[in-house]
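Here is the structure we will look at, set down as structure tokens.
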Amino acid sequence: FAFTGADVYGRFKRLRGDTVFEPMGFDAFGIHSENFAIKLGIHPAELIPRNIANFRRQLTRLGGMFDWRHVLATTDPAYYKWTQWLFLQLYQAGKAYKKKAAVNWCPHDKTVLANEQVINGACERCGTMVEQRLLEQWFFRITEYADRLLANLDDGSKMDWSPSTTIAQRNWIGKSQGAEIEFPSDAGPIRVYTTRPDTLFGGTFLVLAPEHPLVDPLTPAPRREAMDAYRKAVASRDLVSRKVGDKEKTGVFTGSTALNPATGQRIPVWVSDYVLMQYGTGAIGGVPAHDERDFAFARKFGLPIVRVLAGPGQDGATPVPEPAVETEGFRLVNSGSFSELPASEGLRAIVAWLERERHGTGQVRYRLHDWCISRQRYWGPPIPIIYCETCGPVGVPEKDLPVVLPLIEDFRPDDTGVSPLARHKEWYHVKCPQCGGPGRRETDVSDTFLDSSWYFLRYPSSEFGDRPFDAARTKTWLPVTTYIGGNEHAVLHLLYSRFITMVLHQLGHVAFEEPFPKLRAHGLIVKDGAKMSKSRGNVVIPDRYIQQWGADAFRMYLMFLGPFQEGGDFRDEGITGVRRFLDRVWVLAHEAARLTPGASPGIPSSPGSRPASADLPEAVLRKLHQTIRKVTADTETLQYNTAIAAMMEYVNELRSAECRVRRAVQPLILMLAPYAPHVAEELWTVLGGSRSVFAESWPTYDAALATAGEVEIAVQVNGKLRGRLTVPRGSPEAEVVRRAQAEEAVRRFVDGKPIKKTIYVADRVVNLVV
RNA sequence: GCCCGGGUGGCGAAAUCGGUAGACGCAAGGGACUUAAAAUCCCUUGGGAGGCGACUCCCGUGCAGGUUCGAGUCCUGCCCCGGGCACCA
């Protein structure tokens with residue numbers, strides 16, 4: 001569905017005179033492929049090429065105009081050599097770093113699990129409860145680019161994207177404006193981030209994330225045991241279930257207090273897993289009166305709830321039955337000298353006061369995290385780093401790339417807890433490229449999203465072995481003219497690609513900052529009431545349909561079943577309609593070839609350039625030009641379903657007018673070509689074409705011919721339809737109104753009453769108000 | 001919970017800027033062709049009421065209101081479905 005929609009557009013653009021490069025590639029170097037291989041018990045190095053061959057066969061049968069000379073596979077060492085090069089570019093530019101991060105860990109299988117492999121907190125394979133484990137991981141500093149990634153989204157000159165995609169990215173980056181505030185404690189200042197400094201006076205407790213470094217110093221010995229037990233319990237849960245919002249709040253009191261700088265009161269410091277170490281400072285000020293989570297926490301543990309925002313008819317003494325989260329129309333109360341200020345003004349005033357008194361600063365935060373690119377798995381590009389006992393981590397020199405993934409018979413993660421690559425001793429132990437001393441390789445592989453973050457740069461330059469992308473080729477073909485993809489990639493692939501391109505631009509490797517200036521998202525296919533997906537098992541294998549109905553009928557049905565950008569409902573019966581249509585076109589073309597004189601050397605591909613007095617009946621001629629107009633406009637905007645409907649209407653017109661002449665059918669074949677390339681190619685020849693239909697050019701229309709001489713006008717009385725009039729286009733208002741009033745039905749409804757008002761919309765409607 | 005889509009005949013869907021709701025297609029019914037069936041071709045098909053009939057009238061775009069000469073389209077408040085994100089301070 002997605003590739004056919006892209007192919008229709010590419011073929012259309014080619015007929016419109018553009019030189020079109022439509023590449024295709026295969027991205028199967030990651031956990032999903034590895035898991036699938038484990039499931040089938042086949043080594044991925046054997047399975048993946050087999051699957052690629054099958055996909056390629058299917059894509060070819062579907063008739064995609066793909067340039068197979070430039071096909072890519074991210075699993076190919078000739079490709080991932082440059083993925084590793086890309087890693088090194090970022091590493092050398094200081095954009096890659098290592099730090100400890102939590103991963104899902106199955107204690108039974110002794111392996112790292114992806115989030116989607118954790119089902120209700122348990123390992124999907126063995127059912128053991130999953131834990132968190134801290135491991136050293138490689139990260140890319142995408143957060144450094146958060147502002148730039150956000151700013152370009154708003155720049156219409158750089159980004160022409162479907163709004164649904166830009167909105168998703170904006171939300172994902174999640175910029176928030178707030179303040180970082182220091183709460184002094186016995187273990188030093190506790191830094192807290194909040195987007196609501198206006199509620200500072202309502203902060204009646206602090207909550208630290210269980211991993212927060214100040215938890216230990218703030219917990220006196222008698223409470224240590226309880227605290228450690230809680231922290232252990234939290235760590236024994238997986239990352240997914242920890243972040244579920246609607247569960248009961250849990251927590252432990254440290255035994256210490258901190259000073260609220262605004263109220264001057266000492267407030268208790270708690271620890272709870274609803275505070276995440278990864279966001280903000282890993283500590284929050286609990287404002288139960290004005291935050292739902294803090295409210296639930298305060299209720300559970302009997303902590304004081306102080307209202308600091310009051311709406312109309314409320315004051316500082318009004319009870320707080322539920323947290324008031326909104327600010328519109330609220331004013332500060334119980335907030336010292338800031339009381340009675342409107343909330344928004346109070347926010348600014350409190351931030352100014354915090355900065356003046358050096359209690360805190362206004363700050364911007366993003367929910368976007370740095371991109372963790374390491375995977376403790378086998379099936380992926382090895383991260384090109386060597387650890388040397390004397391030099392530390394050293395990047396593999398470019399001349400030694402690629403670091404080839406060794407073929408390991410048993411590639412499954414085992415109970416050593418390290419990547420399977422560590423078991424391959426000859427591969428694992430290497431000399432340090434810097435000092436020649438003993439070293440060992442990084443055994444993590446990189447995320448598949450790194451493979452796909454730059455593939456578009458490789459496509460035009462795929463045959464170059466000595467450079468990732470050739471400067472001249474890149475200048476000719478990039479950035480990508482039109483990118484058509486699914487919205488499931490809105491936040492991951494599309495964001496990572498933008499980030500990588502931005503870094504490469506900054507490092508001087510590419511001239512542009514944004515890889516996909518024009519992006520259109522296609523919809524998703526629904527079958528049996530749910531999204532068609534492999535996991536739901538409601539997928540359709542194209543082979544059978546192509547076998548039964550033909551590739552063109554299948555393509556056209558996919559494009560006809562709904563608006564491309566919204567998707568649609570797949571039902572087997574629907575395909576018969578387009579197949580019948582193609583059969584009729586087939587018959588029409590053959591009859592036209594038989595009934596009208598043979599081809600003259602110059603086949604008109606542009607009927608509009610011929611005099612209007614040509615041999616076509618007026619109604620057919622008009623319909624033809626209307627059809628060209630509509631199919632052109634609709635194909636350009638990816639409204640393929642209505643473009644196909646317009647061609648069907650035209651065929652219906654030709655049939656009812658019994659018009660079987662080449663001049664009427666040829667332009668139809670040209671318009672059909674992007675949708676049904678095989679049939680169009682054949683019929684073009686039947687009609688006398690001596691070269692490929694794709695060597696011809698798209699038909700043009702004559703606006704004057706497309707316009708009907710007569711129009712039907714709706715006649716309304718008080719807005720209700722009472723009749724229809726056929727009048728010459730552009731008839732004067734007085735004439736139309738006069739004729740409307742003469743209508744029998746109109747007279748009956750006007751019923752002799754005076755006409756108060758007459759509304760006339762030229763060529764459309766006349767409305768008499770009585 | 002939040003953010004995006006969407007709700008129109010039996011079904012998939014059309015409908016420029018607010019201007020004739022249901023294009024196009026599926027399914028269904030009737031007919032032609034055929035020994036017969038399939039295929040093909042022709043006709044009918046939103047619901048209701050009336051008329052022998054050409055036709056006529058009423059209702060109808062998830063629900064309730066509103067704006068307007070006129071609302072599928074705009075506004076307010078709800079309901080339902082699909083997708084995504086989810087304790088982000």
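Within the nucleic acid shown, A:Val769 comes within 4.0 Å of sugar-phosphate atoms alone, with no base atom in reach, counting heavy atoms only. Counting any heavy atom pair closer than 4.0 Å across all strands shown, A:Arg584 reaches sugar-phosphate atoms only and no base atom. Within 4.0 Å of A:Gln716, counting heavy atoms only, lies at least one base atom of the nucleic acid. Residue-level contact check: A:Phe560 touches the bases, meaning some heavy atom is under 4.0 Å from a base atom. Among the protein residues, A:Glu292 comes within range of no part of the nucleic acid, since none of its heavy atoms lies under 4.0 Å from any strand. Nucleic acid contact class of A:Pro163 (heavy atoms, under 4.0 Å, all strands): none. Residue-level contact check: A:Asp273 touches the bases, meaning some heavy atom is under 4.0 Å from a base atom. Among the protein residues, A:Val287 comes within range of no part of the nucleic acid, since none of its heavy atoms lies under 4.0 Å from any strand. A:Phe749 comes within contact range of the sugar-phosphate backbone alone, with a heavy-atom separation under 4.0 Å but no base atom that close. Contacts of A:Leu561 with the nucleic acid, taken as non-hydrogen atoms under 4.0 Å apart, involve only primed sugar atoms and P, OP1 or OP2.
Going from atom CZ of A:Arg579 over to atom P of B:rG12 covers 25 Å, rounded to whole Å. Going from atom CD of A:Gln363 over to atom P of B:rA89 covers 14 Å, rounded to whole Å. Per the geometry, CE belonging to A:Met532 stands 13 Å off P belonging to B:rG83, to the nearest Å. Atoms NE2 (A:His522) and P (B:rG83) sit 15 Å apart, rounded to a whole Å. Look at CE on A:Met648: it is 13 Å from P on B:rA14, rounded to the nearest Å. A:Leu153 has its CG atom 15 Å from the C1' atom of B:rC4, to the nearest Å. Remark: P of B:rG6 and CD of A:Gln565 are 11 Å apart, rounded to the nearest angstrom. Remark: C1' of B:rC11 and CZ of A:Phe570 are 15 Å apart, rounded to the nearest angstrom.
Of the candidate nucleotides B:rC3, B:rA14, B:rA23, B:rC3 has the atom lying nearest to any side-chain atom of A:Ile167. Comparing B:rC11, B:rC69, B:rC24 by their nearest atom to the side chain of A:Asn767 picks out B:rC69. With B:rC4, B:rA89, B:rC24 as the candidates, the nucleotide lying closest to the side chain of A:Leu276 is B:rA89. Taking the side chain of A:Leu721 as heavy atoms from C-beta on, and the options B:rG83, B:rU20, B:rA89, the nearest nucleotide is B:rU20. Closest contact between the side chain of A:Ala645 and the listed nucleotides B:rG25, B:rA23, B:rG6 involves B:rA23. Side-chain atoms of A:Arg655 lie closest to B:rC42 of the nucleotides B:rC42, B:rU20, B:rC11. The A:Arg764 side chain lies nearest to B:rU16 when the options are B:rG6, B:rU16, B:rA89. The side chain of A:Leu524 lies closest to B:rG83 when the candidates are B:rG19, B:rC4, B:rG83. Taking the side chain of A:Asn641 as heavy atoms from C-beta on, and the options B:rA14, B:rC26, B:rG83, the nearest nucleotide is B:rA14. Between B:rC57, B:rG19, B:rG12, one nucleotide has an atom nearer to the side chain of A:Asp569 than all others, and that is B:rG12.
Going from the C1' atom of B:rG19 to that of B:rA71 covers 10 Å, rounded to whole Å. Separation of the C1' atoms belonging to B:rC24 and B:rC79 is 32 Å when rounded to the nearest angstrom. The gap from the P atom of B:rG18 to that of B:rA13 amounts to 24 Å, rounded to the nearest Å. Here, B:rC26 and B:rA14 have their C1' atoms 15 Å apart, quoted to the whole Å. Using P as the reference atom, B:rU76 and B:rC58 are 32 Å apart when rounded to the nearest Å. B:rU20 and B:rA54 are spaced 26 Å apart, taking the P atom of each and rounding to whole Å. Here the separation of B:rG12 from B:rG6, taken at their C1' atoms, is 15 Å to the nearest Å. Spacing between B:rG77 and B:rA21 at atom C1', rounded to whole Å, works out to 26 Å.
Considering only side-chain N and O atoms, A:Arg580 lies under 4.0 angstrom from the phosphate OP1 or OP2 of B:rC26. Residue A:Arg748 places at least one side-chain N or O closer than 4.0 Å to OP1 or OP2 of B:rC57. A sub-4.0 Å separation between OP1 or OP2 of B:rG84 and a side-chain N or O of A:Lys531 is present. Residue A:Lys720 places none of its side-chain N or O atoms closer than 4.0 Å to OP1 or OP2 of B:rA71. Distances shorter than 4.0 Å separate some side-chain N or O of A:Asn652 from OP1 or OP2 on B:rG25.
Side-chain contact between A:Val8 and A:Phe564 is absent, with no heavy atoms from C-beta onward closer than 4.5 Å. A 4.5 Å side-chain heavy-atom check between A:Pro210 and A:Asp273 finds at least one atom pair inside the cut-off. Side-chain contact check for A:Pro268 versus A:Leu303: some heavy-atom pair is nearer than 4.5 Å. The shortest side-chain heavy-atom distance between A:Leu309 and A:Leu332 falls under the 4.5 Å cut-off.
Between A:Tyr545 and A:Phe570, the distance from one ring center to the other falls under 6.0 angstrom. A distance below 6.0 Å separates the ring centres of A:Phe297 and A:Phe205. Two rings, from A:Trp371 and A:Phe449, have their centers 6.0 Å or more apart.
For the side-chain contact (heavy atoms from CB on, under 4.5 Å) with A:Val215, the lone residue among A:Val269, A:Leu208, A:Val252 that qualifies is A:Leu208.
Atom CG in A:Leu595 sits 8.0 Å away from atom CZ in A:Arg660 (nearest 0.5 Å).
Each of A:Tyr193 and A:Asn171 has a nearest nucleotide on RNA chain B; the 5'-most of these lies closest to A:Asn171. Comparing A:Arg722 and A:Asp291 against RNA chain B, the residue whose closest nucleotide sits nearer the 5' end is A:Arg722.
Donor-acceptor pairing under 3.5 Å, judged by distance alone, is absent between the side chain of A:Glu573 and the base of B:rG12.
For B:rC17, the base is syn relative to its sugar; the glycosidic angle is within 90° of 0. Glycosidic conformation, B:rG66: anti, with the torsion outside 90° of 0.
Judged by the 6.0 Å and 45° rule, A:Arg498 forms a cation-pi pair with A:Trp161.
Looking at A:Asp294 and A:Tyr274, their side chains do bring a donor and an acceptor atom within 3.5 Å of each other.
Under a 4.0 Å N-O distance rule, the pair A:Asp160/A:Arg520 qualifies as a salt bridge.
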Query raised in the report: Which string of ( ) [ ] | and . matches RNA chain B, if you list each base 5' to 3' and count Watson-Crick or G-U pairs only when both distances are under 3.5 Å?
Result: (((((((..(((......[....))).(((((.......))))).(((((....)))))..(((((..]....))))))))))))....
